[in-house]
Amino acid sequence: KKKDPEYVIAFSQCVGSDLWRRTMLEEMKMELSLHPDAKLIYRDANNSSERQVKQVKEMLDQGIDLLIISPNEANPLTPIVEQAYNKGIPVVIIDRKISSSSYTAYVGADNYQIGKMAGEYVGSLLAGKGNIIEIMGLPGSSPAIERQKGFSKGLERFKGIKISAQIYGDWLKPNSEKQLLKFKEALTYTDLIFAHNDQMASGAKEVLQQLGLTKRIKIIGIDALPGAGGGLQMIDSKVINASMLYPTGGKEAISTAFKILGKASFDKENILPSLVIDSSNVQLMKMQWNKFSSQQQDIERQQTLLEEQRSLFDNQQFILNIIVIA
Ligand code: FRU
């Protein structure tokens, strides 16, 4: 007979449907499989801060042992997270932040550094001269704010480079396309588009295709996901020029959660590494990924085999019991 779940972990996701966040959840589940007695409650706020506040409230009322949250926007989600934290429920923040330090641990890459890295890369890619359009994420979400600040810092020493327009694509491809189409005039003298994620970068590419401007204008994104539709593939097939790796932190969020629950030592700030990926290292990244995912498949196959063995064993025990009783 199975034991009751030891811990109930709630995960509040700001939006669950895109590839980056589906990858995050996969990573979490993989790590959770090492803790078969724990239970995960998952809610997807589908880009609405209001809905996310409501969902967190509901999960708190249900009674949970720990909250993992990626807040859609920092300010609207801060009070409910503080409320949970002050009630003594450990909170692990992942990727996007809240506006206070009332949380137990943070897991994610440094978005300011990523923006800065992008700025420095773009500065040398343009050889210190040119006009840029920046397509930013959702206003009020911490990675959009930090990436923008970091990007302008990274460009600081390139006096011949100008950011001629900044637009909000809200992290979404259709919004990025719609907003960019309002800048047809500026696009005629633009040399590069920096989008805060690869989804918006791919939207920019489609606009450039429509306008026949793909030859001259370079595109840079962020995320660099492996697999179908991910940034690595986009770099490899020259849809975009480069992308900054933005690890999801799914595995690290779960392992941090269990350290907290198990009263082991842990770090409050868990900053994940990033790097620039372009045509010079994309093959290497893809190779690494293929190796990793084939190992992952082996593990899954072994797990299935193990489960089959276990149920066979249970069956035999059952038959044995019947024989003994008889
Ligand atoms: C996915 C996403 C990523 C981006 C991150 C920022 O929902 O938009 O593309 O890097 O969120 O929080």
Side-chain angles (χ1 to χ4, degrees), residues 20 109-137 143-169 171 173 176-177 179-180 183-226 230-247 273-286 288:
W20 192 79
D110 183 333
N111 281 298
Y112 176 81
Q113 285 305 328
I114 288 177
K116 188 162 166 259
M117 188 166 77
E120 286 161 355
Y121 179 82
V122 160
S124 64
L125 188 67
L126 293 181
K129 218 173 118 349
N131 290 303
I132 298 175
I133 293 182
E134 182 174 5
I135 307 178
M136 304 179 292
I145 299 163
E146 293 172 353
R147 288 174 191 181
Q148 184 270 319
K149 279 195 190 132
F151 188 61
S152 80
K153 179 73 188 169
L155 283 176
E156 213 173 63
R157 63 191 166 94
F158 301 99
K159 303 291 177 211
I161 294 182
K162 220 186 107 195
I163 299 176
S164 38
Q166 286 176 311
I167 58 187
Y168 284 110
W171 304 118
K173 182 177 172 179
S176 146
E177 287 176 28
Q179 294 305 319
L180 190 58
F183 287 82
K184 278 186 194 155
E185 164 68 21
L187 278 171
T188 59
Y189 56 84
T190 292
D191 302 289
L192 183 142
I193 295 171
F194 169 52
H196 283 189
N197 70 7
D198 292 339
Q199 296 178 67
M200 297 189 295
S202 82
K205 182 68 168 200
E206 282 177 23
V207 168
L208 296 188
Q209 268 157 355
Q210 274 177 48
L211 303 175
L213 291 169
T214 49
K215 280 241 160 59
R216 194 178 34 102
I217 305 179
K218 297 182 166 67
I219 304 177
I220 307 291
I222 293 178
D223 283 347
L225 282 164
L232 294 188
Q233 203 178 58
M234 285 164 64
I235 296 165
D236 199 21
S237 58
K238 312 237 176 314
V239 173
I240 58 174
N241 294 76
S243 179
M244 315 293 122
L245 177 74
Y246 189 54
S274 177
L275 82 156
V276 181
I277 298 168
D278 62 9
S279 61
S280 72
N281 59 357
V282 69
Q283 296 310 333
L284 183 72
M285 290 301 291
K286 284 178 77 178
Q288 289 293 97

Donor-acceptor contact below 3.5 Å, side chain Ser274 vs main chain Ile114 = no
Between the side chain of Arg216 and the main-chain N/O of Thr190, is any donor-acceptor distance below 3.5 Å?
-> yes
Hey, what do you get for [atom1] ([X]) to [atom2] ([Y]), rounding to the nearest 0.5 Å?
X      : Y      : atom1 : atom2 : result
Leu155 : Lys162 : CG    : NZ    : 13.0 Å
Glu134 : Phe194 : CD    : CZ    : 6.0 Å
Ile132 : Asp191 : CD1   : CG    : 8.0 Å
Trp171 : Met200 : CH2   : CE    : 5.5 Å
Leu125 : Leu192 : CG    : CG    : 6.5 Å
Lys215 : Leu208 : NZ    : CG    : 12.5 Å

Would you be so kind as to tabulate the donor-acceptor pairs closer than 3.5 Å made by side chains of residues 236-245, with sequence neighbours excluded?
from   : atom 1 : to     : atom 2 : distance (Å)
Asp236 : OD1    : Gln283 : NE2    : 2.7
Asp236 : OD2    : Lys286 : NZ     : 2.6
Ser237 : OG     : Gln233 : O      : 2.8
Asn241 : OD1    : Ile219 : N      : 2.9
Ser243 : OG     : Asp198 : OD1    : 2.9
Ser243 : OG     : Asp198 : OD2    : 3.0
Ser243 : OG     : Asp223 : N      : 3.4
Ser243 : OG     : Ala224 : N      : 3.1

Evaluate the criterion side chain to side chain contact (heavy atoms under 4.5 Å, CB included) for residue pair Lys205 and Met234; output intermediate values, then yes/no.
-> CA-CA 10 Å; Lys205 182 68 168 200; Met234 285 164 64; over 6 Å; no
On the 0 to 90° scale, with breaks at 30° and 60°, tag the Tyr246-Trp20 ring pair as parallel, tilted or perpendicular.
-> parallel
Note, [X] side chain near [Y] side chain (heavy atom, < 4.5 Å):
X      : Y      : answer
Asn281 : Leu275 : yes
Arg147 : Phe151 : no
Phe158 : Val122 : no
Ser176 : Gln199 : no
Leu187 : Leu180 : yes

Hey, are Lys149 and Glu146 close enough for a salt bridge, meaning a charged N less than 4.0 Å from a carboxylate O?
-> no
Which pair of non-hydrogen atoms, one from [X] and one from [Y], has the smallest distance, and what is that distance?
X      : Y      : answer
Pro273 : Pro247 : O-CG, 3.2 Å
Ala201 : Ala195 : N-CB, 3.5 Å
Ile133 : Ser164 : CG1-OG, 4.5 Å

Decide side chain to side chain contact (heavy atoms under 4.5 Å, CB included) for Asp278 and Val282; before the verdict, give the C-alpha distance in whole Å, the side-chain angles of both, and the deciding distance to 0.1 Å.
-> CA-CA 6 Å; Asp278 62 9; Val282 69; over 6 Å; no
Residues Ile193, Lys218; criterion side chain to side chain contact (heavy atoms under 4.5 Å, CB included); working and verdict | CA-CA 6 Å; Ile193 295 171; Lys218 297 182 166 67; over 6 Å; no
Among side-chain atoms of Gln148 and His196, is any donor-acceptor pair under 3.5 angstrom?
-> no
Partner set under side-chain contact (heavy atoms from CB on, under 4.5 Å) for Gln288, not counting sequence neighbours | none
